[in-house]
Amino acid sequence: MIRRRHLLAAAGAGAFVAGALPSAPAIAQAAGSRVLKMVPQANLTSLDPIWTTANITRNHGYMVYDNLYGMDSQFQPQPQLAEGSSVEEDGKRVIITLRQGPKFHDGEPVRAADAVQSLKRWMRRSPSGQKLAEFVDELSALDDRRLQFRLKRPFPFLFSALAQVSNSPAFIMPERIAATDAFQQIRETVGSGPFRFKRDEFNSGSLVVYERNPDYSPTPVGTPSLTAGPKNVFFDRVEWQIITDASTSAAALQAGEIDWFEQPPPEIQQLLRRNRAISIEPIDPLPLIGILRPNHLFAPFNDKKMRQALLPAIDQADFMQAIVGTEPGLWEKAGVFTPGTPLASDVGMEPLWGPRSLDRAKALMREAGYTNQLMRLVGPTDILAPSAMTQVAADLVRRLGFNADIVLTDWGTTVQRRASREPLDKGGWSMILTSFSSFDFVDPSAHFPLRGNGANAWPGWPDIPQLETLRDEWFVAPTLEEQKRIGQQMQRIAMDEVPYIPVGAYKSLTSIRRDLRDRVPGFAMFWNIKRA
C-alpha cells in the first residue's frame, strides 16, 4: 500500500523538525475583527463559474452572485432572489416573481430580463440546466419582476435545478454580461451577492479580495443552511491569501495572521490539533468523492477494454489515505453516488470492490492489445486532494507498465489543459484525477462525470447512450424507489463502460481559528460566519 509519507515532495515536508512549525512570515498585519483572511484550497485562475467546473471558481461565484433559489442541507430548494412562484396549466407554465430590492454591484436593479439571460447561458453548460432546456418551449421576462417558463411538459425538478449547488450553479448576472457566449469567459465580475470582487486588488497566484456589499438584500425567509436562507455578512473584507506551502500557511494560522486554512494536509492537521486556538473540523458533513477520469477520445482509453483493465488495480485505500492519512473514519469506499445519501449502493461494484490484483490488470491490458502507446497523466502540485491522488496514479501506471508521461503543474494550468480535445502528439491528455463535493454526486442531475453525452460531456467526453437514457428516466421517476432502481442501473453501466473510476470518499478537514463561529457547513462560505 502506498502511504502518504512516501508521496510528499519538497512542498513543505522538509520544514518539520521534531513536530515544530517554522516561524510565520510577515504575510500581513494580524487579522482584524472586520477582516477575515483565508488560505483557499487552490489559486483562482478563472472568474467565470459557468465556464469552468473548478470548485475554487464556484466558491468565488457564491461570494459575488446570488441565485433565484438556494439549496438547504436537506437538498431542498428555498427562495433567494425569488419572492414566490406559481405553477399553472398542469405544470406547463411556471412564473417566478423576484423580490423587490436586490441590486447589482453597479447599482442597477436585478430584473427578470437579467435572470432570463443568465439562465439561458447557464442552460448551455450545467447538466441540470441542459436537462431543463429540453423541456423549455420559451423562457421570457413578463415584466421587470416576473419571468416565465413555458414547458413542453411538466418538469418537477425545475426548482431543484435552479438551486443546484454543484459546479456551474444558476448564478444571476446582469443581462449584458450574461449575453456572453457560454463557451467564452466573461470579462466583468458584477453580481448582486453578499460581496463585491475587488478586481483592482486581484493578483492571481497571490491575493483575491472581496469587500462586503453594503447594498446586499438577503432573503428575509428561512434559516442559514448550505446556500439557502439569509446570507448575513459580518466582515467588511475577506482576503484569500494564495500560499502553496502548507507549513507557511499553518504557521500563519497559529500566529493569527490568517483565520482559516481551508485544506491542511494530514501531517499539518496533527500539528495544528495541539493548538487550542484552532479547530480541525469537516468542512462538509458528507464526504467528498475522488475520481480518475480517462480521456475517451484517444488511445489508449478510447477502448473500453483498456478502461476496464484499470479496475482490478485500483485500491481506493491507497488514493484516500494519500489525502487524509491513516486515521480511521476519514475515508470510505465509494460508488458513483455519495455515500450516506439515498442513491448510494453496492450494486455492480464488484469490479472495483472485489479482490485487488495488479497481475490481473496487466493481463487485461495485454488482452486489450496494449502495445506501449503513450499515456499522459496530467495533474496539479498545489491542491491537496487532486495532487495526492495524481501521485498515487503516477506510481500505479508505472507499475502497470504504461508508457507514461507524467505532467505535473499548477491547478490553474491543469484545469485549462484538461479542456483540450487535442491528441497526445499535440499536447492532449489521457488521464486526470480530481474530487467533487458531496452534493455533486447525490443524484444524476448535476453529476458531471456520470454523463455520457459525448462531445457535450465534461472533459473526458464519454459517449454512453445508456447512461443518458437512464438519466432521462430518473428526472421523471415518480418515486424515490424508482429513482434508486435507476441509480443502481446507472452504477452497473458505469462499472462496465467506465466513464470514470471512483477512487473513494473522504472527509475534507478544514482548520479554522476558534474565535470564528456560526460557519455554514458545506464548503468555504463567508456569510453568517462571525468573530466571537
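The structure presented is a predicted model; accordingly, all values stated were derived computationally and were not measured.
Using a 4.5 Å cut-off on side-chain heavy atoms (C-beta onward), Y69 and S160 make no contact. Residues F523 and M525 meet the side-chain proximity criterion, which asks for heavy atoms closer than 4.5 Å. Looking at heavy atoms from C-beta onward, I512 lies in side-chain contact with S279 at the 4.5 angstrom threshold. Contact check for R293 versus P449: side-chain heavy atoms found under the 4.5 Å cut-off. Residues Y65 and T189 have side chains in contact (heavy-atom distance under 4.5 Å, counting atoms from C-beta outward). Here the side chains of R125 and P49 are not in contact, with every heavy-atom distance at 4.5 Å or above. Within the 4.5 Å cutoff, the side chain of M63 has no heavy atoms near those of the F197 side chain. Side-chain contact check for M431 versus V397: some heavy-atom pair is nearer than 4.5 Å.
In this structure, R356 and P351 approach most closely via the heavy-atom pair NH2-O, 2.8 Å. Heavy-atom minimum distance, G70 versus A228: C-CB, 4.1 Å. Smallest separation of non-hydrogen atoms from P224 and V520: CB-CG2, 4.3 Å. Minimum interatomic distance between L162 and A170 (heavy atoms only, all atoms of both residues): O-CB, 3.7 Å. Across all their heavy atoms, A344 and P339 have their closest contact at CB-CA, 4.0 Å. Nearest heavy-atom pair across A334 and M349 is O-CE, 3.7 Å.
Under the side chain to side chain donor-acceptor pair (under 3.5 Å) criterion, E188 pairs with R176, not counting sequence neighbours. Remark: S168 engages T53, S126, F448 in a side-chain contact (heavy atoms from CB on, under 4.5 Å) (not counting sequence neighbours). The side-chain contact (heavy atoms from CB on, under 4.5 Å) search around D346 returns W353, not counting sequence neighbours. Applying the ring-ring contact (aromatic ring centres under 6.0 Å, His included) rule to Y500 yields the partners H447; only residues at least two apart in sequence or on another chain are considered. Among residues two or more places apart in sequence or in another chain, the side chain to side chain donor-acceptor pair (under 3.5 Å) test is passed with S128 by none. Every salt bridge (Lys or Arg N to Asp or Glu O under 4.0 Å) that D66 has, sequence neighbours left out, goes to K231. For the side chain to side chain donor-acceptor pair (under 3.5 Å) test, residues two or more places apart in sequence or in another chain that qualify with Y210 are H60. Listed by chain and residue number, F526 satisfy the ring-ring contact (aromatic ring centres under 6.0 Å, His included) test with W260 (two or more places apart in sequence, or in another chain). Evaluation of the side chain to side chain donor-acceptor pair (under 3.5 Å) rule for R519 yields E281 as partners, not counting sequence neighbours. Considering only residues two or more places apart in sequence or on other chains, D200 meets the salt bridge (Lys or Arg N to Asp or Glu O under 4.0 Å) condition with K198.
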Problem set entry | V208 and F202: CA distance, side-chain angles, deciding distance, side-chain contact (heavy atoms from CB on, under 4.5 Å) verdict | CA-CA 5 Å; V208 188; F202 177 50; 3.8 Å; yes
For this session: Apply side-chain contact (heavy atoms from CB on, under 4.5 Å) to I278 and F261, showing your working.
Result: CA-CA 10 Å; I278 296 170; F261 181 8; over 6 Å; no
Problem set entry | Derivation of the side-chain hydrogen bond (donor to acceptor under 3.5 Å, both in side chains) call for N43 and S204 | CA-CA 7 Å; N43 182 32; S204 182; 3.1 Å; yes
Problem set entry | Stepwise side-chain contact (heavy atoms from CB on, under 4.5 Å) test for L467 and M490 | CA-CA 6 Å; L467 286 178; M490 295 184 79; 4.1 Å; yes
For this session: Evaluate the criterion side-chain contact (heavy atoms from CB on, under 4.5 Å) for residue pair S508 and Q263; output intermediate values, then yes/no.
Result: CA-CA 7 Å; S508 180; Q263 283 191 352; 3.9 Å; yes
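Between the side chains of S73 and S225, at least one donor-acceptor pair of N or O atoms lies under 3.5 Å. When only modelled atom types and interatomic distance are considered, R58 and S437 share a side-chain donor-acceptor pair under 3.5 Å. Residues D72 and Q78 have side chains that bring a donor and an acceptor to within less than 3.5 angstrom of each other. Side chain to side chain, S46 and D48 fail the donor-acceptor criterion of an N or O pair below 3.5 Å. In summary, the side chains of E239 and Q241 do present a donor paired with an acceptor at a separation below 3.5 Å, with no hydrogens or angles considered.
Residue pairs meeting the salt bridge (Lys or Arg N to Asp or Glu O under 4.0 Å) criterion with at least one partner in residues 374-390, sequence neighbours excluded, are R376-D405. Each salt bridge (Lys or Arg N to Asp or Glu O under 4.0 Å) pair with one or both residues in residues 497-513, not counting sequence neighbours, appears once here: K304-E497, R307-E497.
Taking CG from L396 and CZ from F402, the interatomic distance works out to 8.5 Å, rounded to the nearest 0.5 Å. For the atom pair CG (N295) and CE (M375), the distance works out to 11.5 Å, reported to the nearest 0.5 Å. Atom CD of residue Q254 and atom CG of residue L272 lie 5.5 Å apart, to the nearest 0.5 angstrom. Between the CD1 atom of I243 and the OG1 atom of T248 there is a distance of 7.0 Å, given to the nearest 0.5 Å. The CG atom of D359 sits 10.0 Å away from the CG atom of L400 when rounded to the nearest 0.5 Å. How far OH of Y62 is from CH2 of W527: 7.0 Å, rounded to the nearest 0.5 Å.
A donor-acceptor pair under 3.5 Å is formed between the side chain of N528 and the backbone N or O of P230. For the pair R418 (side chain) and T413 (backbone), a donor-acceptor distance under 3.5 Å is absent.
Each of R212, E211, R531 was compared with F235 under the side-chain contact (heavy atoms from CB on, under 4.5 Å) criterion, and only R531 meets it.
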